[in-house]
Amino acid sequence: MTQTPTPTSVQGPAGPPQLSEPTPRRSSLTQNVLPSWLWMALLAAAVVLGAALSALLGFNLATWFIFTAVIYVASSYIVTRTRVNRRRATDALWTNLIYLAFTLAILPLISVIWSVASVGIQGLMEPGFLSSDMQGVTGLVDEGSQTEGEPVLGGIRHAMIGSLLITLAATFISVPIGLMTSIYLVEYSRGGPLSRAITFFVDVMTGIPSIVAGLFAGAAMAWFLSVFSGLTGLLSTQRSTLGVTAAIALSVLMVPVVVRTTEEILRVVPNELREASYALGVRKWRTILKVVLPTAISGIASGVTLAIARVIGETAPILVTAGFVVNTNWNLFQGWMTALPVYIFRQFQNPTSPNFSDPSEQRAWAAALVLILIVMGLNLFARLIATLFAPKQAGR
Amino acid sequence: MSSSLTQSDKRGVAGDRVFSALTVSAGVIILLTLIFVVLFLAANSRDAVYQEEQGGWIVGAFFDYAYPLVIGTLIASLIALVLAAPVAVGVALYISHFAPPRWSKSIGYVIDLLAAIPSVVYGAWGMSFLGPELIPVYNWLHENLGFIPFFAGDPSQTGRTIFTAGIVLGVMILPIITSVCREIFIQTPKLHEEAALALGATRWEMIKMSVFPFARAGIISGIMLGLGRALGETMAVALVLSPGMLTASLISNGNSTIPAEIALGFPEAPPGSERQAQLIAIGLVLFVITLLVNMTARWIVSRHKEFSGAN
Amino acid sequence: MSKRVDAVDLNVYYGDFLAVEGINISIDARAVTAFIGPSGCGKTTFLRSLNRMHEVLPGARVKGELLLDGENIYDPGVDPVTVRTQVGMVFQRPNPFPTMSLRENVLAGYKLNGARLSKSESDDIVESALSSANLWAEVKDRLDKPGSGLSGGQQQRLCIARTIAVKPDVILMDEPCSALDPISTLAIEDLIGELQQDYTVIIVTHNMQQAARVSQKTAFFNIAGTGKPGKLIEYNDTSAIFNTPNEKSTEDYVSGRFG
Amino acid sequence: MSKRVDAVDLNVYYGDFLAVEGINISIDARAVTAFIGPSGCGKTTFLRSLNRMHEVLPGARVKGELLLDGENIYDPGVDPVTVRTQVGMVFQRPNPFPTMSLRENVLAGYKLNGARLSKSESDDIVESALSSANLWAEVKDRLDKPGSGLSGGQQQRLCIARTIAVKPDVILMDEPCSALDPISTLAIEDLIGELQQDYTVIIVTHNMQQAARVSQKTAFFNIAGTGKPGKLIEYNDTSAIFNTPNEKSTEDYVSGRFG
Amino acid sequence: ACGESNTPAAEGNADGGDSASSEVAGTLVGGGASSQEAAMTAWTDGFTSVAPDAQVNYASVGSGGGRDGFLGGEYDFAGSDAAMSDDEWESSKEICGTEGAFHVPSYISPVAVAFNVEGIDETLNLDADTIASIFAGEITSWDDEAIAEHNEDMELPSTPISVVHRADDSGTTENFVDYLATASDVWDYEVSGEWPGEIAAESAQQTSGVVGLTSETDGAITYADASQIGDLNTVAVQVGEEYVEYSPEAASQAVASSSAVEGQASNNMAFELDRRTEESGAYPIVLVSYHIFCNEYPEQETADLAVAFGEYVLSEDGQATAEAAAGNAPISDELRDGAMESLSAITVAE
Ligand SMILES: Nc1ncnc2c1ncn2[C@@H]1O[C@H](COP(=O)(O)OP(=O)(O)OP(=O)(O)O)[C@@H](O)[C@H]1O
Ligand SMILES: Nc1ncnc2c1ncn2[C@@H]1O[C@H](COP(=O)(O)OP(=O)(O)OP(=O)(O)O)[C@@H](O)[C@H]1O
Ligand SMILES: [Mg+2]
Ligand SMILES: [Mg+2]
Ligand SMILES: O=P([O-])([O-])[O-]
């Protein structure tokens with residue numbers, strides 16, 4: 001039980017191992033801390049310098065931001081590096097980079113939201129925008145709005161209803177299937193061929209172009225209906241352009257997202273919790289439902305929201321599977337339906353009045369705003385559910 | 001207390017059976033659906049590689065058609081990934097370990113908003129706002145870094161380039177990667193974080209020591225999901241890009257991606273034609289790309305399986 | 001309510017690594033049996049094979065027979081869940097459910113199995129289980145707080161309470177008192193003494209005085225060297241093991257002055 | 001290499017809950033100090049406040065002064081990282097990094113300095129740290145396996161090895177031997193004895209014999225009742241605490257026959 | 001923003017129904033060319049005032065998608081910028097009886113060559129060769145001699161030319177490229193709905209996209225459905241010795257001088273457009289957009305709806321509605337008469 005100090009282990013961790021003098025390592029605890037005003041000063045200097053440099057190139061906000069960020073990050077690294085030590089400098093560098101990453105992520109968000117809201121809010125303010133559909137709104141109406149300043153008519157009631165119904169149906173199809181599959185992958189399979197096959201195909205599915213999903217769902221539904229009516233003699237004129245076909249198409253897109261996100265989150269649930277439950281004689285399925293899932297619920301909610309957000313904005317697959325109508329349809333199993341993204345896309349791309357497209361654009365942005373708000377609402381809802389089941393705050 | 005081991009409670013056993021059967025059947029449903037998707041694609045893409053009139057197999061012609069699209073797709077996704085992945089992981093870390101705890105939930109929520117924006121809107125944003133903003137940047141890149149082949153070609157005067165598309169894709173996949181990573185980062189056991197801190201680790205070192213290794217598989221999964229989205233994104237790319245032939249330059253017009261090509265070509269493709277088959281066939285090619293990428297990722301993860309953070 | 005446990009030529013593996021080899025042992029019902037032995041010799045591993053918890057780990061498997069009142073729990077027809085309802089276990093590292101309150105943690109064995117309990121029934125169970133584990137006084141005011149906000153010893157007692165609340169036939173305890181102060185230790189030892197009247201109790205302990213105090217029989221495990229499997233060296237009445245061991249290695253081990 | 005530790009009117013909170021109150025204590029350098037007391041009395045909590053690990057928990061905070069060689073570690077200007085490099089800690093619940101191999105686990109702290117270690121240097125460090133923790137023989141053949149595939153006691157020793165590998169000035173050990181067999185316990189106690197020559201060592205233990213064996217001074221903590229804060233009741237030379245305690249409660253506690 | 005519904009229909013729609021209201025009822029579904037969407041919105045709306053119990057749904061899934069859906073039995077009629085191939089017609093017999101499906105022109109649209117160049121504020125004269133060279137990227141500046149030649153008294157700026165083409169496959173592209181290929185000697189790319197991949201140029205989706213991009217970009221030139229070009233200036237195309245500006249009449253004339261496609265249904269009204277026409281006053285870059293109907297429908301209701309809707313679209317009323325709402329060029333009376341006759345051939349399967 002000897003402690004033969006190796007040559008390197010004589011000095012403390014803070015000193016480089018090459019220096020072997022037994023100098024007292026740190027004289028003070030505060031030595032490693034730089035005064036907090038320093039960061040303010042550095043930042044201020046960076047802002048000023050950044051502005052100057054940017055002005056050299058013909059001033060604009062973007063270059064100002066870039067120069068400021070670079071100068072600040074670099075200078076605080078150098079300062080920490082020279083005044084304190086390399087580790088602290090690395091820490092400061094990464095901390096700054098992470099803050100920078102956050103800022104970078106926020107910028108496009110603000111920009112996109114601004115693009116949407118600046119026009120969209122006005123459209124949303126039009127009376128009846130949410131409560132009416134597009135029946136009777138033709139190019140003439142829009143021409144009147146644009147040239148004579150009449151109110152912009154038409155709304156998105158049909159599209160909101162279509163989107164919500166289709167997305168909910170898709171969620172009801174794909175969340176149970178996706179979640180159950182990831183449970184199978186994490187809890188049941190032991191790396192057998194089935195699980196490998198599933199993983200394999202789910203992986204492939206993550207990159208499926210959405211239009212392909214739509215084509216597939218349309219073909220599958222048509223095939224199913226023809227077989228069904230062939231067998232039963234019912235539904236002779238049933239066509240496959242239905243809300244539910246769109247829901248199937250969206251499910252094909254949703255499932256891989258649900259599987260992959262939930263799979264990852266289930267995998268990191270500590271095994272000791274499973275063991276604790278098994279040891280109480282709790283059956284596996286109950287363990288999964290009552291111990292594993294609640295522990296992972298917040299991650300699952302995130303995954304599901306992600307999946308919903310992914311598909312609720314899809315255009316092409318819904319257009320080819322559910323069609324596009326101007327009136328409201330509540331029935332997923334009968335007739336065509338319009339979804340918000342399809343509506344937005346058509347209003348952008350083929351304005352109701354090709355030469356007077358402002359009203360269409362206004363409706364499109366407003367619809368986009370509504371779509372974002374809907375997803376936000378769903379997100380909030382998912383989080384609410386998650387917090388209801390979430391782990392009581394974890395201690396150590 | 002039951003007296004015998006074998007005479008166990010039937011209902012309980014049935015519950016287990018039913019549940020595991022449910023999970024298996026969910027898996028099988030996915031499997032079957034996908035097999036059908038693949039069959040559907042394969043059946044419908046036959047004409048792209050086999051044409052009676054043209055003397056049988058025309059794989060070469062199809063290859064000539066497909067490879068620029070494959071490369072374009074990869075370039076756009078790669079740009080998106082390179083831009084988004086580090087930022088996304090950074091943002092996830094910010095939310096899980098840097099932001100004031102009171103705020104972190106709301107901040108995560110704000111980032112999730114990015115995921116809520118429909119791709120049509122991203123497309124419209126990219127073509128009407130971002131693209132024009134980038135024109136001076138492209139000009140600058142061309143003037144100062146023109147010797148690099150990526151910046152060689154004539155800079156686009158509309159900003160509708162593969163680079164712009166890559167940026168838009170990057171913004172789109174950012175919240176996906178962030179969301180997956182964040183959830184995993186949060187799950188890092190306190191115990192292991194404390195172990196690192198107690199060794200005198202700085203926050204960053206603690207993250208490198210306990211958070212990243214713990215979340216490795218999750219990060220890769222998140223990135224793969226994001227990449228899948230980037231590879232398969234249709235509308236945004238179709239709107240932002242000025243598609244054309246393959247060029248090495250990222251800042252001039254040209255280049256296209258597989259989903260954009262499908263979206264732009266399919267509506268007008270005559271039924272049952274070679275063109276239609278061709279478009280479906282490149283869809284199949286995209287499948288293969290996705291698969292290869294994912295297999296690589298899985299392989300990386302599986303090499304460290306026994307070092308799982310769950311233990 | 002209690003069952004005897006017999007192992008016949010039991011080998012326990014982690015993948016290809018044979019961790020415990022050739023165990024033959026007969027453990028009495030209504031008695032306390034202590035497993036002692038150096039760290040890493042396979043006590044936990046063997047204990048976990050007694051209620052089929054071992055096989056939960058990927059790649060882990062067991063060969064040989066393990067008889068619970070004469071029935072082999074490793075028979076193909078046997079449902080591990082039935083085994084585990086009859087053989088309860090307290091883990092070496094306390095693992096309360098972080099998603100549940102203290103109260104729910106104690107009731108976990110019922111609640112997780114979907115049992116419907118009236119408020120008063122469950123109150124009774126919670127109080128009696130926590131009291132037996134000597135935790136009631138400390139936590140009775142915060143039964144709705146999460147299980148993870150407890151001190152190490154409190155967590156361990158919580159896990160004990162959780163296990164005894166479901167009244168299994170056999171109770172396995174892996175170092176139940178390792179994180180406990182003398183007072184709690186006394187309480188747990190008293191509890192073990194009580195349990196023994198109705199249940200079969202098996203404890204792993206490093207504390208030889210504790211083994212001497214609470215157990216009727218003691219099994220000494222040892223390991224010949226790194227990578228070698230752990231073996232059962234000697235199994236006998238506790239007094240015999242501590243006073244007149246047959247094996248040299250047992251004597252060496254128990255004559256250490258520690259614990 | 002070693003530092004004295006002084007607490008001045010230290011209060012430790014979990015959110016609003018005052019867990020430890022009014023601690024005033026002077027802990028000698030180059031000595032072993034033992035903390036004893038019933039479960040839940042705040043030993044771990046206080047220990048964690050000595051290297052600012054306490055504040056890692058959300059809502060947890062500390063009031064008062066804690067002086068390390070006269071410098072208050074809770075001064076606003078102080079960087080907790082610096083404190084923690086100087087004050088190392090072994091946790092009550094072993095926590096090896098499951099994502100690292102055994103070898104990496106031991107070197108984890110060392111690597112932090114970014115010191116580029118040659119293969120042989122790092123081999124030396126791993127071997128010496130693991131040998132001190134009495135784990136070398138058991139694991140030397142599987143240094144590249146994950147840290148989680150160890151028995152409970154092995155994990156605990158691995159964590160000890162990891163902590164001493166970085167040679168902090170002060171070493172805090174929260175029940176370092178709770179999961180250990182007598183042989184390992186002896187080894188760890190020997191290790192503590194050696195460490196004491198260069199370092200300040202503070203251990204929490206429930207084992208009074210152990211406290212008596214290894215420590216020069218002992219602090220007894222107690223808690224008046226549920227929801228009350230833990231307090232330092234008596235602090236004195238170990239022999240005094242065990243033989244001639246000043247307080248009644250100390251005497252009651254140490255005269256228990258357990259441990 | 002909530003409140004009363006604000007659609008015109010909800011405010012009472014008694015004004016539109018001046019023609020005799022029809023008895024037909026039910027839903028007719030169609031899909032196809034997106035270029036028809038604006039007109040279709042007007043038609044479907046107008047049709048409800050003629051036949052209050054009837055509804056027409058139209059999905060703008062593209063001409064190919066529309067024909068695909070039509071042949072697959074998903075749609076009752078298709079809107080298409082391009083006529084069916086013979087193969088497609090053959091397969092239409094499966095759902096439309098022995099005579100198969102047939103085309104009727106729903107509108108004729110001149111494809112304008114439109115540009116946005118600072119300094120050129122009037123119509124530019126060009127011939128087919130020059131247009132082809134511009135779009136092929138061989139002429140790169142607006143003051144090129146080839147352009148100046150045709151516009152002798154015009155001051156041309158030296159702005160570089162940015163060609164803007166359709167990014168998506170489109171009927172407009174097909175007709176335009178067909179014109180370039182037949183009328184000029186310079187263009188030797190394959191004719192299809194896809195812009196030739198060899199030419200590097202700017203592009204955008206849909207007519208609104210190219211028009212928008214052209215309007216934003218100085219020096220840009222594009223081709224687009226003339227009804228949607230907004231305030232862009234256009235090119236007068238050399239036909240014979242004169243320069244012809246696009247106009248509904250000029251477009252109709254170009255169609256009138258073309259021959260019908262042979263070999264399909266007897267009442268088929270698809271055209272083989274003559275791009276090389278020398279006829280005075282004909283504008284050769286035209287696009288005929290068709291509606292494709294079945295000659296035989298399985299049910300009376302659908303057949304009635306198809307006839308009624310087809311007739312409404314062709315009626316003066318229908319054409320005027322579309323012109324007002326979407327700016328389409330109305331078809332000539334001659335064409336209308338022929339088309340009405342074709343429609344009357346629709347029957348119900350026994
Ligand atoms: N994370 C936490 N949140 C809230 N209260 C806590 C937390 N951890 C511990 N406590 C409470 O603080 C008090 C002191 O706990 P501490 O862990 O310091 O006890 P201890 O003396 O180490 O006990 P043991 O010997 O059982 O480990 C106990 O009442 C405990 O319930
Ligand atoms: N999950 C695992 N995978 C592989 N080997 C393991 C695993 N868990 C334990 N082992 C090994 O099996 C052997 C027996 O371990 P076990 O946990 O049974 O020891 P133990 O007697 O309980 O020791 P302790 O008193 O330290 O808890 C040890 O060599 C250990 O390293
Ligand atoms: Mg053990
Ligand atoms: Mg403690
Ligand atoms: O009619 P388009 O296909 O050119 O839109």
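Values below: all heavy atoms of this structure, side chains included; hydrogens, waters and symmetry mates excluded. Lettering follows sequence order; numbering is per chain, from 1.
- With values rounded to the nearest 0.5 angstrom, Ile98(A) atom CD1 is found 10.5 Å from Tyr94(B) atom OH.
- Between Asp91(A) and Lys208(B), none of the side-chain N atoms (NZ, or NE/NH1/NH2) sits under 4.0 Å from a carboxylate O, so this pair counts as no salt bridge.
- Taking 4.5 Å as the limit, every side-chain heavy atom of Leu22(B) sits out of range of all side-chain heavy atoms of Ile183(A).
- Here the straight-line distance linking atom CZ of Arg260(A) with atom CE of Met224(B) works out to 7.0 Å at 0.5 Å rounding.
- Contacts between Arg383(A) and chain B at a heavy-atom distance below 4.5 Å involve the side chain alone, from C-beta outward.
- Phe348(A) touches chain B through its side chain: at least one heavy atom from C-beta onward sits under 4.5 Å away, while N, CA, C and O do not.
- Considering only heavy atoms from C-beta on, Arg298(B) comes within 4.5 Å of Thr199(A) through its side chain.
- Put simply, CE on Met376(A) and CD1 on Ile117(B) are 10.5 Å apart, with the number rounded to the nearest 0.5 Å.
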**Message:** side chain to side chain contact (heavy atoms under 4.5 Å, CB included) for Ile184(B) and Ile265(A)? Distances and angles first, verdict last.
**Reply:** CA-CA 6 Å; Ile184(B) 308 273; Ile265(A) 206 77; 4.0 Å; yes
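- Side chain to side chain, Trp125(B) and Ser111(A) meet the donor-acceptor criterion of an N or O pair below 3.5 Å.
- For Ile289(B), no part sits under 4.5 Å from any heavy atom of chain A, backbone or side chain.
- The pair Lys284(A)-Asp16(B) fails the salt-bridge criterion, with no side-chain N (NZ, NE, NH1 or NH2) lying under 4.0 Å from an Asp/Glu carboxylate O.
- When all heavy atoms of Leu286(B) and Pro209(A) are compared, the closest pair comes out as CD2-CG, 3.3 Å.
- Proximity to chain B is limited to the side chain of Ser115(A), based on heavy atoms less than 4.5 angstrom apart.
- For the atom pair OG1 (Thr23(B)) and CD1 (Ile288(A)), the distance works out to 7.0 Å, reported to the nearest 0.5 Å.
- No part of Ile308(A) comes within reach of chain B, as not one of its non-hydrogen atoms sits under 4.5 angstrom from that chain.
- Side-chain contact between Val212(A) and Ile280(B) is absent, with no heavy-atom pair separated by less than 4.5 Å.
- In this structure the side chain of Phe216(A) never reaches within 4.5 angstrom of the side chain of Leu41(B), judged on heavy atoms.
- Looking at Phe40(B), only its side chain comes within 4.5 Å of chain A, counting heavy atoms on both sides.
- At a 4.5 Å heavy-atom cutoff, the contact between Gln349(A) and chain B is made by side-chain atoms alone.
- The minimum heavy-atom distance between Phe102(A) and Val91(B), with the atom names listed, is CA-CG2, 3.8 Å.
- Contacts between Ile372(A) and chain B at a heavy-atom distance below 4.5 Å involve backbone atoms as well as side-chain atoms.
- Between Trp94(A) and Trp204(B), the ring planes lie parallel to each other; the angle is under 30°, not in the 30° to 60° tilted range.
- Of the two parts of Val202(A), the backbone and the side chain both hold a non-hydrogen atom closer than 4.5 Å to a non-hydrogen atom of chain B.
- Proximity of Asn294(B) to Phe200(A): side-chain heavy atoms (C-beta onward) are nowhere separated by under 4.5 Å.
- Distance CZ/Phe287(B) to OG1/Thr206(A): 9.5 Å, rounded to 0.5 Å.
- The parts of Val204(A) that come within reach of chain B are both its backbone and its side chain, each placing non-hydrogen atoms under 4.5 angstrom from that chain.
- Residue Tyr109(B) holds its OH atom at 9.5 Å from OG1 of Thr305(A), rounded to the nearest 0.5 Å.
- When heavy atoms are compared at a cutoff of 4.5 Å, Val112(A) approaches chain B by way of both its backbone and its side chain.
- Both the backbone and the side chain of Leu215(A) come within less than 4.5 Å of a heavy atom of chain B.
- For the residue pair Ser298(A)/Glu183(B), the side-chain donor-acceptor check at 3.5 Å is satisfied.
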**Worked verdict on Arg182(B) versus Ser302(A) for side chain to side chain donor-acceptor pair (under 3.5 Å)** = CA-CA 10 Å; Arg182(B) 176 191 67 207; Ser302(A) 273; 3.1 Å; yes
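- Considering only heavy atoms from C-beta on, Val268(A) comes within 4.5 Å of Phe214(B) through its side chain.
- The two atoms that bring Ala101(A) and Val87(B) nearest to each other are O-CG1, 3.4 Å, heavy atoms only.
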